[in-house]
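Let me begin by presenting the structure, written as structure tokens, before commenting on it.
On a predicted model such as this, the values are computed, not experimentally measured, just so you know. Letters go in sequence order (proteins before strands), and every chain restarts at 1.
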Amino acid sequence: MAGAGPSLTEQVLASVERIPPGKVMSYSDVAEYVGSRAARNVGRILATEGGSVPWHRVVRQDGSCAEHLRDEQLARLRAEGVAIRGQRVDMARARWNGR
DNA sequence: TTTCTGACACTAG
DNA sequence: CCTAGTGCCAGAA
């Protein structure tokens, strides 16, 4: 395995940790940010090692989230000052592009 | 090896 | 606004 640079998992985790409070990133945004196009990979990584990163700051491109997380997701984001619109996040307001 | 499933995205109706 | 179908990558049986 070697080595050639950080693994996709490491890059994803690092990107998620880099997201500031009050902001969110979509799965595909993170995927593209690390050089991948499979948003599913990001979700899979967070499901496996997301326990060490603010996974709640990662939502779908449309601002919604998975049902088993919807409750925790919205609750945490709302507590951080993220604009919530009913059951979805106001991406136009909380979306973070890495800058 | 094949098949299924999953913290997703996109297009069409 | 909603549902259905298809593509993507990776791991488990």
Side-chain angles (χ1 to χ4, degrees):
Chain A
M1 7 199 319
S7 299
L8 182 64
T9 308
E10 293 295 314
Q11 293 181 78
V12 170
L13 293 175
S15 299
V16 175
E17 286 190 79
R18 189 174 150 82
I19 302 173
K23 292 282 175 184
V24 298
M25 242 176 136
S26 67
Y27 291 97
S28 65
D29 279 4
V30 175
E32 207 168 307
Y33 193 81
V34 303
S36 182
R37 354 155 148 196
R40 280 195 162 223
N41 278 11
V42 179
R44 201 187 70 74
I45 289 164
L46 290 177
T48 305
E49 320 219 18
S52 295
V53 295
W55 54 269
H56 57 262
R57 285 183 199 148
V58 185
V59 295
R60 286 190 175 174
Q61 185 65 300
D62 61 345
S64 65
C65 45
E67 238 180 285
H68 39 270
L69 301 175
R70 185 161 58 61
D71 173 48
E72 192 78 48
Q73 249 307 8
L74 297 177
R76 285 179 176 242
L77 293 174
R78 198 157 142 85
E80 292 189 345
V82 175
I84 305 296
R85 186 52 168 136
Q87 255 182 3
R88 288 187 189 116
V89 178
D90 189 344
M91 296 301 284
R93 280 276 220 182
R95 194 177 189 185
W96 185 67
N97 36 310
R99 273 175 295 104

| query | Who are the side chain to side chain donor-acceptor pair (under 3.5 Å) partners of A/D90, not counting sequence neighbours? | reply | none

| Residue-level proximity of residues 66-88 of chain A to DNA chain C when a heavy atom falls under 4.0 Å | A/R88

| message | I'd like to know if A/R76 and A/E80 make a salt bridge, using a cut-off of under 4.0 Å between side-chain N and carboxylate O. | response | no

| said: Under a 3.5 Å threshold, yes or no: a donor from one side chain and an acceptor from the other, between A/Y33 and A/R18? | reply: yes

| field | Separation between the C1' atoms of C/dC2 and B/dA7, rounded to whole Å | value | 22 Å

| message | What is the distance, to the nearest angstrom, from the CE atom on A/M91 to the P atom on B/dC8? | response | 13 Å

| CA sep, side-chain torsions, deciding dist, call: A/V12, A/V53, side chain to side chain contact (heavy atoms under 4.5 Å, CB included) | CA-CA 10 Å; A/V12 170; A/V53 295; over 6 Å; no

| request: To the nearest Å, give me how far apart CD (A/Q11) and C1' (C/dC9) are. | output: 15 Å

| task | Might you work through the side chain to side chain contact (heavy atoms under 4.5 Å, CB included) test for A/V59 and A/S64, ending with a clear yes or no? | result | CA-CA 6 Å; A/V59 295; A/S64 65; over 6 Å; no

| Which residues in residues 26-52 of chain A have at least one heavy atom lying under 4.0 Å from any atom of DNA chain C? | A/A38, A/R40, A/N41, A/R44

| In this structure, are over 12 heavy atoms from other groups packed under 6.0 Å from A/E17 atom CD? | yes

| field | Donor + acceptor pair across side chains of A/Q73, A/R78 (<3.5 Å) | value | no

| query | Hey, which of A/R37, A/R99, A/R57, A/R95 is the one that makes salt bridge (Lys or Arg N to Asp or Glu O under 4.0 Å) with A/D29? | reply | A/R95

| query | Can you check the A/H56 NE2 to B/dA7 P distance for me, whole Å? | reply | 19 Å

| Atom-pair distance (CE on A/M25; P on B/dA9), nearest Å | 13 Å

